[in-house]
Structures are given as structure tokens and as C-alpha cells.
Amino acid sequence: MIAIAFLLGLLGLLVFAAAGTGQSLPIAEILGLIAVFIVFFGAGVHVAAVLGILALLIGVIFSDRPFWLFAGQTFWGPSSNFVLVAVPLFLLMGEILLRAGLSDRLYKSLNIWLNRLPGGLLHTNIASCALFSAISGSSVATAATMGSVALPYFDNTKYSQRMVLGSLAAGGAMGNLIPPGITFIVYGLITETSVGALYIAALLPSILVTLLFAGVITLHGLRNPLAKPAALPLSVKLRSLVGLLPTMALIVMVLGSIYGGYATPTEAAALGVAGAAFFALVERRLTFQMLNASAEATARNTALLGLIILAAYLLNYILTVINVPQALADMIANLPVPPWAIMLAIIGMYFALGTFMEGFSMIITTVPVVFPIVVALGYDPIWFGVVVTMLVEIAAISPPDGTVMYVLQGMRPRGGPITDVFVGVMPFLLAYLAAVGMLLIWPEIALWPLSFMR
Amino acid sequence: SAYAQMPESLPAGAPLRLSAVTQPLPTQPQFTRVDIPYLREAIPKRSNGRISVQLSTHAERNLAGNEIVRLVRSGQVDIGAGTLSTLSGDVPLLDGIDLAGLSPEIGQAKKIAEAILPAANKELERFGVRLLAIYPFPAQVVFCRQPFTSLSDLKGKKVRTFGNSLNDFITTIGAQPVSIGFPEVYSALERGVTDCGITGTGSGASARWPEVTTHVSSLALSWALAGYMVNVAWWNRLDPEVRNFIEATFKEINDKQWELGHTATRDGITCSIGLADECKLHPLAARPMTEVKPVEADQALVTKTFRDVVLPNWVKRCGARCGEIYNQVIAPISGVEYRP
Amino acid sequence: MRGGVPAPLRVAQGLTRWVSRLAAVMAYLAGWNYILCAVLITFDVVARNLLGFSTAATVEISGYMLACGIAWALAHTLARRAHIRVDVLVNRMPLRLRVWLHVLAVALLAGFAVFIAWGGWQIVEESALFDAHDNSALRIPLMLPQGIWAFGLLAFLVMSLVLLLESALALLLGELEEVDALLGSRSVDDETREALEAVAMAREEQPA
Ligand code: NA
Ligand code: NA
């Protein structure tokens, strides 16, 4: 509903702007396209087909160019782009770590340290997701890996199922924000900003979001107290730290290789796979069968994203052929309102789109349009990259549509309605939005660490 | 030479909507100082609104740059521009106009570009595309994050290159060519993934390379020559008076681009080394770099490498016929003959 | 299950099974191709930093591996019903209406697949005309990676067509449950089984 209201609002804005410039807008055609869009989505047509067919319709109606003669090139370009190679590599790393049992050990070790806090085991969900995010660049991979590890621990406990699912979804939605992250790589690719700088700018926001999530859980824990498990002797606690070692080693390897000057952010993802395989070997779990299963899962998840990317790029190409991005950018830049109001409108647009759109295709279709406006308004491109990434993450946990929530729903050992996930994730969603608000008010949260690098 | 003149007006007639995609980035002076004033502004004005132009850059249309020939050929735009070495995967002859070490100074590069145009068009017209003009970007030079005084100091260093002839060149002088996608080069230099990078003096300044490198050579390795192309079917369909109008416009654009190539080459250096007074076209570096002036041995090394390695390797890639075209058209200007 | 599946539907089912099997093989190859890609890039990083050389073609080759990996796994992903649909509404509708929407979705997807596959082959032809090579040190003829890529797109098209054929036949013959099973969203059970299999693999006793 939010999205529909937003699209209609945008249309109104376009009419308003067109009236101001004296151009006439094809209102009937635009309304028709929006209707097709909404009906197809509602009817359960595949996201890629909706985008692709919309692209073809727009091309046929509005363009006098033989755009179809360039379609092959439009599909081939992004498919063979080296920078996007990081996507399957991060997914592959997650699959290997999961099957090698390393994620399980990470979870157990953190639990020993955190389970006596108010909120108990729920804190472990956030902390383990945060640490896993520091090696993996994918939210889906983080939620899938830590979700399948964590959920069995909550079987037959008194924890609120909604809170358990909500905390895992929220934790998963840090996968892209905490460096490394695919969204940053894609954003850097589109906007020609430094991925290294984006990672550094994401540092404090990552900590901020993690703390806010921990705050949500603590509040919940204080209001719904559970019996604390017995305290463990310090020696046991210290010994448990061994379980963290592989994860720590991988963090050092992935981020260290980037900042030590040994690898580019894309290459670091490949080193992560090699590192994961190495630890699997140490655990004596590196078997053909295990690699084979990881390979299939990686291929499937990459293809799922890949088909949407193909369609999104086609739509993107046809929109640029008929000059929509430039016209829209001109229009927004000339609106008679201050820059912060436009920025709020842009953020509102992302939030609205994010309720029903998948984050990855959202970033590919919108950033090329929005980025020039943001720069023209005088905002820092790196800061905006962090904000967009947070909005993409929020999209992944905003009902009714969100990949991270679907993944978790699919993993529940006992099933149950998906509304459990929707309700559980709400407090975390609000905390995430609060973090975006803080970044708007204090951009230094992102930019201050960069001042040491320049 | 005297400037070719863009006509002051065009007689009324059937209106024409023209679509053009030219430079890689909307911020480049080649775009802001030549393409916008001529294509976007002067053409509609002087044609009295008869011709309107939709002009954009590769970045705005999400293009990589190596597909421009195909873009123009398939009628997505009427006019397209792209750097020749990037297009050489589709049309290898184009690489030969701008080989590493071929033209030590810009005057020679211009002579070669003008001389080769008929032969290049013969090649391109097979694909339904025709070059209107070949123009330069600022000289391609070496930026490094560590001090160096001559090319021989690059021995053993990792140098980010693009294109085959620069690869050949860098390998021959004992350095290690590294292939890194353009968006990642800034951070690769920042972190030392690569020690040096080659790009135009102006592009380096614009892409904020002075933030991540300390020394820049002013020795021109090549010129990143680029070309304006038209779709032949569209071109032939044009009303002759419109065609003449556009052709004359591109003659003037061509002169302006060469003039700009000359000033921008020096401007990129002065901006990078922090000479605020002389820095007019590019962003001024916050932390001034050191200019490495070419020594005599460097120029000799460039010429020798060109003759012994770069040229024969290009003919190997392009075919024997390219060697013949080179000897007929380019060798008399460059003074270096290709010997099979 | 009602006894006696009509002959045309049986043929279509056999066809789907056969194409799915081929698609699965292609997807496993696509997955191993990513493992190979990780090895290649790791090798390039190590070689550059420790051994002082670089393949100077890794960027291009791994790009091709990505393109081919995506294309070759599209069909299998479709057979596994893993391509994303927004099916919150669809799943609440009565079976009678739901099956029509399933068939509509697969028909539109097949239509888009026709366009993708056609576009893919068209760029292969264009590269052949140009005799195009990439700008890497190896000067790889573009026909090679693009041809492999386009074959994957073709497989995706075939998969969507046989699914469309089988589901449309089933719909016309009134076998609504079968349409839902073939195209309906993956049940909670499917996904759980998959996740638990992965965890189980991790928890297995170490191989002897
Ligand atoms: Na991450
Ligand atoms: Na969402």
C-alpha cells in the first residue's frame, strides 16, 4: 500500500513539475504502466518477468529506436562484469562455512559469553550475525547461515518465537552493512566511488546498528525476564574463545588483504572462499560431497539474483534511451524546496520501494538516477553509499516482501505463519530507521573515520 | 591551420531529433567544453530549432565504452564517440593509430589521425559505421605512489594498464602489468595493490589520483585517441544540407578537441602538482604531486620499445594487412617502418 | 492421485523430467565453475604478491565465468521453483484461481526467456561478424564465452517452455493439484529440509 501511494504521489509530482515547465506528460500511458506493474506483482508473476515486460512495453510505447537490437549487449555487459563476481564468491564462502560447522562453533562460543545478559541467547543471535557479516558480504548468506545454526538452540525454550526470528532477520540484515558487502561493491561500481572508503565509512554505522539492536533485546529481556543459566568459570569462558579463532582469522584475511594492499575488494571475496575451504580442511570436512552441495546452492542463488539483474538492466537501458533519469534528475533538482527535503523524499522513496522490491535490483535501477541529484545537492557520495546500503538492508526486513525474512521463514523447524517474522522484526526495523535518522543529522558518524585516511 | 567553420544558420525544413552519446564521464572537459557548447547548445540554436540533440555520456547510459561501435551500428544512437584502443576488440585496426610510443608529441598524433581516416572508414563501413573525426584525450602518463625519476625505475613495479599495446610496453620495460577494473583503481592505488597506474593527465587529476599517488611523469606514452562515429544508414538518409551542416560542425569540434587536448595535457599536470594559477580545467590537487620530467634515455627507450615490440605485436594481432596500411599511411609520418 | 494419467500429459511430464535432469547437471557445472573461479582469482592474487607475475586476463576470464555460471543455472533454478515471485496474495487464493495465475506467471516468464535467448544469440552473431576479441593478454575470441553463455539462456528457454506445456496441459485436463505442485511456491517443508540438510552435513561425525 505504501508503495502504491508513493507511486501515485510521484506521478502527482511529475504532473506538477510538467505543468511548471509547460511540457505535456503522457498521463494515461504512465497510469497504464503503473497498473500493469501492480497487477503483475499482485498476480505473482516472477519479479524478473515483471521488470522485463515492463521494459519492453515502455520501449514500444515511448521509444522510436530499435532498442531490441541492443538487448544482447545489455544482458551480456552486467553478466560478465568482474566486480559482480564477488556475489557468487560470498555466497560460496557462506555455504562452505555452514557445511564445515564453523558457524556453529562461532555461535556456541559467543553464547558462553552472552547468555547471562537480559535477553540471553537473543544477544548471541545479533553478535554472531555481526561477526559473520564481517567475513561475508551478503545479507541472505548471513541470515541463511546463522539462522540455520541458531534456530535449533531455541527449540523447547521459553524465548518468544517472534523475538527469535526478528533478531535473526535483523542480524542477517547487517550482512551488507558490516564490511565487506556486495551492496558497497555494486554502489562503487555504479558511482565510481572507492569501495575501500565505503567500507571505512560503514564502520561506525555498523557498530551503531549493532548497539541499537542489542538495546532492543535488552529492553525486551528486562520486560520479559527469563531464568539465567548458571555462571561458568572464567577458565571455561576463556577456553571457549578458541571457537572464535577461525572466524577472526577469516576477518583478518578478508579485510586485511584489502587494507594491507594485497587484494581488491572483489579479489578479497575469493580469498575468503579459499580461507573457508582451508578451515573446512582443518576440520576434516572438506569432502567432494560437501563442495558439490555448496556449488549447487551457490549456482542456484546466483542465478536467482542474476535473472533479476538481467531484467533490471534492460529496464534501466530503456529508461535511459527515453531520457527518464536525466529528466527526473532535472526535475527534482529544480523543485522549489531545500536540499534536506529532497534527501528526505529520496529516503522515503527507497523505503517505499523497499517494502516490495528486492534490494539488489532496487539499487541497480535507482542509484544511476538518484546519484547525480545527490551529488548536485552537495551531499557526500560516500555518506550516501552508506545510507543507501542501510536502506537496502531495511528493504530486506520490511514486510511484506523481504528476502531475508523469507529465508528465515523457510528454516523454522516447526513452521508457523510468516506474520511471526513480520511482527518480530518490527522493533529492529524501527531501530534501523533510527540509525538512518542519526546519520542524516550527524553525517560525521560515517565520514569522521575517513578524515584519518585522506 | 585555419578553423573549419560551423555554419551560422540552417534553412528551415523537416525537423530532426538527433541522439548522441559521447565522452565517458559528464565531468570531462571534452564534454563540458566542447560537446555541450556545440552539440547541445549551438546546433539547435543555429539550426533555428530544426535539429534538436539528446546528448549524454557513457556513464549516464551505463555503457562500458567497448560497445560503442555496436551501439551506433544498431541505431541506438545516431552519433557515438569512444576511445579507439577500447574499441579495438571489435576493430583491431583502430588500435594502430594510438600505439604506445607511436607519437611522442601531439602534433604528430594529429597528423597520423588525419592520414588514417580513409583507411579506418573503409574498415568500419563494413559494419555500417563511419568515423567523422578522430580527436585526443590528454597524454597518457604514469602516476606512481612512490618516487621515480625515469622509466627504468619502474622495473619490478606493478603498473595498472589497459589495452594490449600498453601491456606490451610495460612488460618490455621490466614492470608487471596489472589488470584491475577501472572503478577499483583508485582504491588499488590507495592500498598499494598496484604501485603505478597509467591514465590521461587530466583523467588522473579528475579521478582524484593525486590523493593516492605522489609522482606523475610528463612523458606522453600515447594519446587515448577517440573518434566520433555515425550510423551510415542514418547519415545517408539525411537531407544533404543538414548533412553538410553537421559535417562542418564536426570539423570545428575536431579542431576544438585537438586544441583542448593540447592545453588539457599540461593542465592535468599543473593541477596535479598543485600550481593553482595555471590549473584551469581540472580539480586542483589538495596535496601537490611531484612532476617527473622525461629524461633523454626515456624517450629513446619508448621509441625502441615501440619499434621492436609494440608495433610487431600489434601487426600480429591485427593481421598482415594492418602492417601494410601502417607502412603506407603512418610510417611516413612516424619515421618508424614496420619490418615483418 | 487419480489413476490413469492421460497420454499427452504423461509425455509432457517425461519431457519435463528429462530437461530438469539436464538442467541440474548444468547447474552443478555452474557451481563448480564458481569454485574454479575462486581458485583462479586466489592464484592471481598470490602470484602477483609473492611470485611477481599476473595472468593479465583474470578480470576478463572471471567475468565470463560469472556470465556463464548465471546462464547455466537459470533453468535448474526454475525447475526448483527458486526464481523470486511476490506470491503473498497468490498463496491466499483458492486453488481454482491460483493455478491460472501459476500458468500465467510461467507463460510470461517463458515470453521473457524467448527475448533473453534471442538477444543472447544475436550478440554471438554480431561478435562473429566482427571477429571480436577481448582486450586481455590472451585475446580470447568473444564468440567462445558468449556462445557458452547463450547456450545456458537457450536451456532456460527450453525449461520454461516444457514447464508451460506440462502445466497448461494439466490445467486443461483439470489436474489442478498437479499444476500447484509444479509451479506453486516452495512449501515451508521444502526449504526447511534443505536448510536442515546443510546443518546436518555440518554436524555429521567426522569422516573416518
Ligand atoms: Na558484510
Ligand atoms: Na522489503
Side-chain angles (χ1 to χ4, degrees), chain A residues 41-49 52-53 56 71-73 75-76 79-82 84-85 88-89 92 98-101 104 148-149 262-263 267 270-271 273-274 284-285 287 290-293 295-296 298-300 302-304 306-308 310-311 356 358 400-401 409-413 415, chain C residues 27-28 30-32 34-35 37-38 41-42 44-45 49 59-60 62-67 69-71 73-74 76-77 80 82-90 101 104-105 108-109 111-112 115-116 119-123 126 145-146 149 186 188 191-192 195-196 198-199 201-203 206-207:
Chain A
F41 259 116
V45 175
H46 293 86
V47 173
I53 289 166
L56 296 178
Q73 190 68 47
F75 293 137
W76 171 253
S79 309
S80 60
N81 190 324
F82 173 69
L84 291 180
V85 171
L89 295 181
L92 181 60
L98 174 65
R99 288 179 170 79
D104 201 32
S148 41
V149 168
Y262 299 105
E267 292 170 339
L271 294 183
V273 175
R284 310 220 333 241
R285 289 212 164 103
T287 60
M290 182 265 235
L291 280 179
N292 205 35
E296 191 268 348
T298 305
R300 190 160 24 87
T302 309
L304 164 166
L307 187 65
I308 294 176
L310 290 188
F356 71 96
E358 192 267 328
D401 190 39
Q409 169 68 12
M411 288 180 172
R412 295 171 71 175
Chain C
Y28 276 98
W32 278 95
Y34 294 131
I35 294 177
C37 184
I41 297 177
T42 305
D44 199 51
V45 172
N49 288 295
V59 169
E60 286 81 4
S62 40
Y64 303 149
M65 292 172 102
L66 174 65
I70 292 175
L74 286 175
H76 175 65
T77 308
R80 296 283 307 267
H83 283 303
I84 295 184
R85 300 165 66 187
V86 182
D87 47 13
V88 186
L89 281 177
V90 178
L101 291 178
L104 171 74
L108 289 174
L109 192 67
F112 187 51
F115 186 72
I116 297 181
W121 282 104
Q122 168 204 316
I123 191 178
E126 199 174 35
Q146 285 173 347
W149 173 71
R186 294 153 58 75
V188 171
E191 307 245 356
T192 312
L196 295 182
V199 176
M201 191 177 273
R203 301 234 166 98
Q206 297 195 345

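Just so we're on the same page: letters track the sequence lines, and every chain starts at 1. Fair warning: this is a prediction, and the values are worked out from it, not measured in the lab.
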Rounded to the nearest 0.5 Å, how far does [atom2] of [Y] lie from [atom1] of [X]?
{"X": "A:Gln73", "Y": "C:Ile123", "atom1": "CD", "atom2": "CD1", "value": "4.0 Å"}
{"X": "C:Trp32", "Y": "A:Glu296", "atom1": "CH2", "atom2": "CD", "value": "13.0 Å"}
{"X": "C:Phe112", "Y": "A:Leu310", "atom1": "CZ", "atom2": "CG", "value": "6.5 Å"}

Option in [options] with maximal non-hydrogen atom pairs under 4.5 Å from chain A:
{"options": "C:Ala30, C:Pro145, C:Gly120", "answer": "C:Pro145"}
{"options": "C:Leu101, C:Asp44, C:Leu104", "answer": "C:Leu101"}
{"options": "C:Gly119, C:Gly111, C:Gly63, C:Ala73", "answer": "C:Gly63"}

Checking [X] against chain C: side chain, backbone, both or neither under 4.5 Å from a heavy atom?
{"X": "A:Leu291", "result": "both"}
{"X": "A:Leu89", "result": "side chain"}
{"X": "A:Leu307", "result": "both"}
{"X": "A:Asn292", "result": "both"}

Tell me, out of A:Ala49, A:Ala263, A:Gly72, A:Ala274, who's got the most heavy-atom pairs with chain C below 4.5 Å. A:Gly72

Among A:Ala311, A:Pro88, A:Ala48, the residue with the most heavy-atom pairs under 4.5 Å to chain C is A:Pro88

For C:Phe115, does the CZ atom have more than 12 heavy-atom neighbours from other residues, nucleotides or ligands under 6.0 Å away? yes

Please find the pair of heavy atoms, one from [X] and one from [Y], that lie closest to each other, and give the distance.
{"X": "A:Gly44", "Y": "C:Ala105", "answer": "O-CB, 3.7 Å"}
{"X": "C:Gly31", "Y": "A:Ala299", "answer": "N-CB, 3.7 Å"}
{"X": "C:Ala82", "Y": "A:Leu304", "answer": "O-CD1, 3.1 Å"}
{"X": "A:Val273", "Y": "C:Ala38", "answer": "CG1-CB, 3.7 Å"}
{"X": "C:Ile70", "Y": "A:Gly306", "answer": "CG2-CA, 3.9 Å"}

Counting only non-hydrogen atoms closer than 4.5 Å, does [X] touch chain A with its backbone (N, CA, C, O), its side chain (CB onward), both, or neither?
{"X": "C:Gln146", "answer": "both"}
{"X": "C:Trp149", "answer": "side chain"}
{"X": "C:His83", "answer": "both"}

Any side-chain heavy atom of A:Val85 within less than 4.5 Å of one from C:Tyr34? no

Validation row: C:Ile35, A:Thr298 side chains within 4.5 angstrom (heavy atoms): no

